[in-house]
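Numbering starts at 1 and runs along the sequence shown. Every value quoted in this text rests on a predicted model; they were computed, and no experiment measured them. Counting starts at 1 for both ligands and their atoms, following the listed order.
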Amino acid sequence: MSKRSPVSRSGRFAGGPSADVAKFTESISFDWRLWRHDLLGSMAHATMLQRIGILTKSEQIAIIKGLERIGQEIIRGEFRWKPELEDVHMNIEAELTRRVPAGAKLHTGRSRNDQVALDLRLWLRDEIVELADEIRTLQKALVDLGARNAEVAIPGYTHLQRAQPVSVAHHLLAYVEMLERDCQRFAECFRRVNVCPLGNAALAGSTLPLDRELVARLLGFVDAKGKPQLTQNSMDGVSDRDFAVEFCAAAALLAAHLSRLAEDLILWVTSEFNFIRIADAYTTGSSLMPQKKNPDVAELTRGKAGRVFGNLVALLTLLKGLPMTYNRDLQEDKERLFDTVDTVRATVRLMAAMLNNTTVNADRCAAAASDPALLATDLADYLVRKGALFRQAHHAVGAVVALAEKAGQPINRLSVEELQSIDKRFGSDAINVFNLRRAMSSRTIIGSPGQREVKKQLARWLKRLR
Ligand code: ARG
C-alpha cells in the first residue's frame, strides 16, 4: 500500500512501509481527535514564522485560511483521513500542502515531536477545564441531595458495623470534600500542562530564530500574570509526558473517590439498608428475575476505577525505560490518556445525574438511626461529665451493653437501678442521652455531624458552588 506522500516519507526512502507495518504504526485511528488543537498550533506557528520573516504575509494568510477550511471539513465529516499518512499531524499538513503551496513551509523549525507534545498539552488543558466544571456539578448534586435531607439521621459505620449517628447530609458532604481536593489536584496539574514545548523541534531546537514566547502567548501558555510559560530544555520538552502521568494520577484518585461513593450507594439501595431509591433510568433489570432492579451505573462507576488505575500504571511503565529523547513508544500515551479522560468525565457526569434522581427513604433512615447502641459513646461521655475517667466510663458502658444483651433489651430500656449496679454515677437523667435530636445538637465542634454544623457546611458549599 502506502502511496508515497510529499510529507510522510522523505527522499531517504525508496518505498513505503509494508501494509502490516503501516497498520502497526499508524495512530490516525485515535489521534484524529487532536485535530482542533493541531490546527491551532499550526496557525500560531505560521503566525510566528511570518513575524520572523520565513513566511510572507500572503503565505501566512493562505496557510491559516487553508487550515480553517480543513477544520470546517472535519467538523462536517467531509475530511478524508488517510491511514497511509500515519497520524493527525501528517494528514493535516499533507492536505494543506496539496491545496496551498506555502504549506510546504509550515513545518520549518518544527518536528512532529514538539508538535505532538504541544497538541497533547493543548488538548488536555481544555479537558481539565471541562472536567473541573463537571466535578463542580457533581459536588452540587451531592450538596443538593444533602440539603433536601438535612435533618435525616443515619448510622455512621466503621468496619461496616453501626458506630455513631451522623446524617445523610454529613455523609454526602464527605464526598464533596474529597472532590474539592480532586479539583485542587487538577488545578495544580493544569499549571504544569500549561507550558509550551513548541520550538524544541525534534530534540535540539532550531538554528532559525524562532520566537517561542510569541507562540506561547498566542496559544495561551501564560501564567496568572501573563508571563509566557516555556519548557526550558529541548530534550525534556519533546520526550517527557509527566504532565499526562500527573493527570492520570489525579484521575485515579478521583476514580477511587467515585468508586467509594458508588459502593455506598450500592449498599444503601439494597433491601437490607433501603436508605435510598434510585430512579429507574439509572438502574437496569435482570434478563431472568422479573423483580430485579440493579444499580448498574453505580456498579460500573466502581468497575471503571480499575481501568483508570490501569491507565496510570500503563503510562508509568511506558516511560520508565525510554532513553532520551523521543521514541515511538510515546505514541502509546494517547489511548491511555484519552481513555482516562473519557472514563472519568462520563463517570462524573452520570454520577451527578443519578444523584439528582435519587431520593432518601427518611423512614428507613430514621428506623436505623434510632438504634440506641449508636449512642453508647455518648453514655460514656455522660459518665465523663459526672467525673469518671474515660477508661472507667468506657468499661462501665461496655458492662451496660453486656447487661442489656443478657436481658434481651436495648440499652435505653435498662432501669436506673440496673445502670447504678454498674456505676453509681448514673442518674435518672442518663436516659436523656438516648434522645437522638438532643444527641445530634450536642455535636457542635467544627467538622462534626450536629445539625447546626452540617447546616453551616451546606450553606458554605451552596454559596461556593452557586
Ligand atoms: N504519532 C506520533 C506520536 O504520537 C507523532 C510523533 C512522531 N514522531 C516521530 N519521530 N516519528 O508520538
Side-chain angles (χ1 to χ4, degrees), residues 1-2 4-13 15-18 20-42 45 67 70 74 79 81-97 106-125 127 193 195-206 231 234-245 247-248 311 314-342:
M1 66 170 261
S2 178
R4 296 278 304 274
S5 110
V7 176
S8 63
R9 309 279 285 187
S10 70
R12 168 83 172 71
F13 293 90
S18 75
D20 274 355
V21 170
K23 191 159 176 244
F24 190 68
T25 54
E26 67 85 23
S27 55
I28 190 62
S29 55
F30 51 87
D31 69 10
W32 65 268
R33 68 187 283 182
L34 295 172
W35 67 267
R36 195 186 294 276
H37 302 92
D38 197 73
L39 293 177
L40 287 174
S42 286
H45 188 62
L67 292 170
I70 287 175
I74 296 172
F79 189 81
W81 299 107
K82 298 183 182 144
E84 63 271 23
L85 290 177
E86 261 185 48
D87 58 23
V88 64
H89 324 292
M90 295 215 292
N91 265 269
I92 290 175
E93 191 195 337
E95 187 53 28
L96 176 75
T97 306
L106 179 60
H107 216 47
T108 308
R110 186 175 74 169
S111 155
R112 276 185 296 157
N113 297 350
D114 57 346
Q115 190 178 2
V116 70
L118 172 74
D119 291 6
L120 265 189
R121 286 173 183 269
L122 283 171
W123 178 84
L124 189 54
R125 243 177 25 180
E127 295 291 332
V193 173
V195 181
C196 187
L198 209 67
N200 291 323
L203 76 160
S206 171
T231 59
S234 63
M235 298 175 78
D236 174 44
V238 294
S239 66
D240 209 338
R241 294 292 183 269
D242 52 7
F243 66 91
V245 172
F247 175 84
C248 288
N311 288 341
L315 271 193
L316 286 167
T317 312
L318 179 66
L319 293 180
K320 74 175 274 293
L322 292 187
M324 291 286 242
T325 50
Y326 180 86
N327 298 269
R328 191 62 177 271
D329 315 41
L330 286 174
Q331 183 167 290
E332 288 288 313
D333 61 358
K334 275 168 246 14
E335 285 165 294
R336 300 301 106 225
L337 183 61
F338 294 165
D339 185 66
T340 300
V341 167
D342 293 344

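- Within the structure, the closest approach of Glu86 to ligand 1 does not fall below 4.0 Å when heavy atoms are considered.
- Among the atoms of Asp87, some N or O lies under 3.5 angstrom from an N or O of ligand 1.
- Close contacts between ligand 1 and Ser27 involve ligand atoms 1 (N) [criterion: under 4.0 Å to a heavy atom].
- Shortest contact from atom 11 (N) of ligand 1 to any protein heavy atom: Arg112 NH2, 3.5 Å.
- Of the options Leu120, Val238, Asp31, Asn113, the smallest heavy-atom separation from atom 8 (N) of ligand 1 is shown by Asn113.
- For the side chain to side chain donor-acceptor pair (under 3.5 Å) with Asn200, the lone residue among Thr325, Asp236, Thr231, Asp114 that qualifies is Thr231.
- Between Arg112 and Glu93 no salt bridge is recorded (no basic side-chain N to carboxylate O distance below 4.0 Å).
- In the displayed structure, Trp32 atom CH2 is contacted under 6.0 Å by at most 12 heavy atoms of other residues, nucleotides or ligands.
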Given side-chain contact (heavy atoms from CB on, under 4.5 Å), test Val116 with Lys334 step by step and report yes or no.
CA-CA 10 Å; Val116 70; Lys334 275 168 246 14; 3.7 Å; yes
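- Side-chain contact between Trp35 and Ile70: absent, with no pair of heavy atoms (C-beta onward) separated by less than 4.5 Å.
- Nearest protein neighbour of atom 2 (C) of ligand 1, counting heavy atoms only, is Gln331 OE1, 3.3 Å.
- Between Gly205 and Ala201, the closest heavy-atom pair is O-CB, 3.3 Å.
- Of the protein's non-hydrogen atoms, the one nearest atom 7 (C) of ligand 1 is Tyr326 OH, 3.5 Å.
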